[in-house]
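Here's the structure we're looking at; comments come further down.
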Amino acid sequence: MMIEIRNLTKKYRELTVIDNFCHSFDGGKVYGIMGENGAGKSTLFRCIAGIESYDGSVVVNENKQIGYMNDTPFYYSYVTGMEHIEFCLRAKGKTISRDEIEQLNEKFALPLQRYASRYSLGMKKRLMLLTLMLQDNDIVIMDEPFNGIDLAGTIILRQWLKDLKAQGRCVILSSHIVAAIADICDEMTYIHQGKAVCDFSGMSAASIEQYIMEEFLSHLS
Ligand SMILES: Nc1ncnc2c1ncn2[C@@H]1O[C@H](COP(=O)(O)OP(=O)(O)OP(=O)(O)O)[C@@H](O)[C@H]1O
């Protein structure tokens with residue numbers, strides 16, 4: 001077990017975003033979290049990553065390091081891609097030589113000497129991904145990782161997810177596009193009104209979409 005969440009509740013004043021959420025996450029698995037806009041996916045991720053206060057308990061297996069990728073890239077002005085990577089590695093107590101960074105960057109083709117704040121959206125996402133890969137975390141949480149990346153980035157990301165799984169890491173990610181994650185995820189969860197309401201294990205993307213439409217989005221038809 002990598003993460004055990006018990007009765008996680010998160011409120012913003014009178015708004016209950018996460019309501020008594022319970023879930024355990026194992027190594028060697030990829031978990032997909034779905035839910036409508038505002039359902040609380042990002043809030044849940046921030047609570048697990050320890051950057052948001054909450055009620056209840058989130059127990060992370062001792063000595064396991066969590067890496068978290070936000071859904072919206074942010075880079076400080078006048079910081080190059082390389083400087084950003086080095087800063088994020090130092091924050092995790094890791095040092096990797098510039099040569100090794102450049103070597104992994106061959107896949108991403110990012111101009112690491114340029115200011116990251118001036119990259120395109122897709123390049124900013126690629127830099128987040130490259131940084132996370134280099135950090136080599138045991139638990140990887142990614143908020144909307146497929147959003148904004150191109151086909152090459154998608155291929156790199158999907159391959160990396162398979163590698164992480166094979167290495168026994170624990171991956172938790174969110175996506176609004178069921179087909180993008182259905183075949184990679186071992187378990188998919190739908191969050192509705194603060195609760196995890198469904199587990200779609202073993203279902204195809206088309207049948208998951210159909211189920212969600214009928215159960216939760218009937219107002220659209
Ligand atoms: N810092 C905050 N203060 C007050 N309310 C917040 C704060 N952060 C999030 N919320 C509210 O919590 C709810 C859940 O937001 P969250 O960003 O977790 O949803 P989400 O499922 O990630 O949505 P999306 O799919 O649109 O990214 C929303 O109603 C949002 O307005």
Side-chain angles (χ1 to χ4, degrees), residues 3-25 30-58 60 66-76 120-129 131-132 137 139-150 153-154 157-158 161 170-182 184-200 203 205 208-221:
I3 304 172
E4 181 75 48
I5 299 179
R6 291 207 195 108
N7 305 106
L8 172 58
T9 297
K10 176 67 193 175
K11 292 180 185 175
Y12 291 110
R13 293 177 181 270
E14 68 282 358
L15 176 71
T16 301
V17 180
I18 310 282
D19 189 9
N20 264 308
F21 183 86
C22 298
H23 204 301
S24 53
F25 298 94
V30 179
Y31 296 86
I33 307 287
M34 298 180 292
E36 291 159 55
N37 291 136
K41 303 175 295 296
S42 303
T43 303
L44 174 67
F45 290 173
R46 288 198 305 271
C47 291
I48 301 174
I51 52 176
E52 187 80 77
S53 64
Y54 53 84
D55 294 318
S57 80
V58 176
V60 178
I66 297 186
Y68 166 65
M69 189 171 114
N70 204 340
D71 58 345
T72 318
F74 169 81
Y75 298 103
Y76 289 102
S120 72
L121 174 65
M123 289 160 76
K124 286 177 178 168
K125 293 282 287 201
R126 278 172 176 237
L127 181 59
M128 291 206 296
L129 203 54
T131 307
L132 204 57
N137 298 286
I139 299 165
V140 179
I141 300 174
M142 287 182 280
D143 203 347
E144 291 284 344
F146 289 100
N147 199 9
I149 54 167
D150 62 10
T154 304
L157 175 55
R158 286 174 66 87
L161 292 172
C170 171
V171 181
I172 309 171
L173 53 84
S174 65
S175 178
H176 289 294
I177 304 172
V178 181
I181 59 167
I184 311 172
C185 289
D186 297 281
E187 209 179 295
M188 291 171 69
T189 301
Y190 194 77
I191 296 185
H192 186 69
Q193 292 176 352
K195 294 194 183 291
V197 285
C198 295
D199 172 4
F200 302 99
M203 284 170 69
I208 294 171
E209 277 182 11
Q210 184 71 26
Y211 184 89
I212 292 173
M213 253 174 56
E214 286 169 8
E215 285 294 313
F216 307 110
L217 309 174
S218 55
H219 57 286
L220 298 181
S221 56

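Owing to the predicted nature of the structure, the values given are computational and were not obtained by experimental measurement. All ligand and atom numbering here is 1-based and tracks the order in the structure.
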Please give me the minimum heavy-atom distance between N7 and N20, naming the atom from each residue. ND2-OD1, 3.0 Å
Looking only at heavy atoms, the pair that brings G32 and I181 closest together is CA-CD1, 4.2 Å
Could you work out, with salt bridge (charged side-chain N to carboxylate O under 4.0 Å, His left out) as the rule, every residue matching E52, not counting sequence neighbours? K10, R46
With sequence neighbours left out, write down each residue that passes salt bridge (charged side-chain N to carboxylate O under 4.0 Å, His left out) with K195, or none if nothing qualifies. D19
Got a sec, which residues hit salt bridge (charged side-chain N to carboxylate O under 4.0 Å, His left out) with D71, two or more places apart in sequence or on another chain? none
Output for pair (E144 CD, N70 CG), nearest 0.5 Å, gives 11.5 Å
Output for ligand 1, non-hydrogen cut-off under 4.0 Å, lists Y12, L15, V17, E36, N37, G38, A39, G40, K41, S42, T43, R46, H176
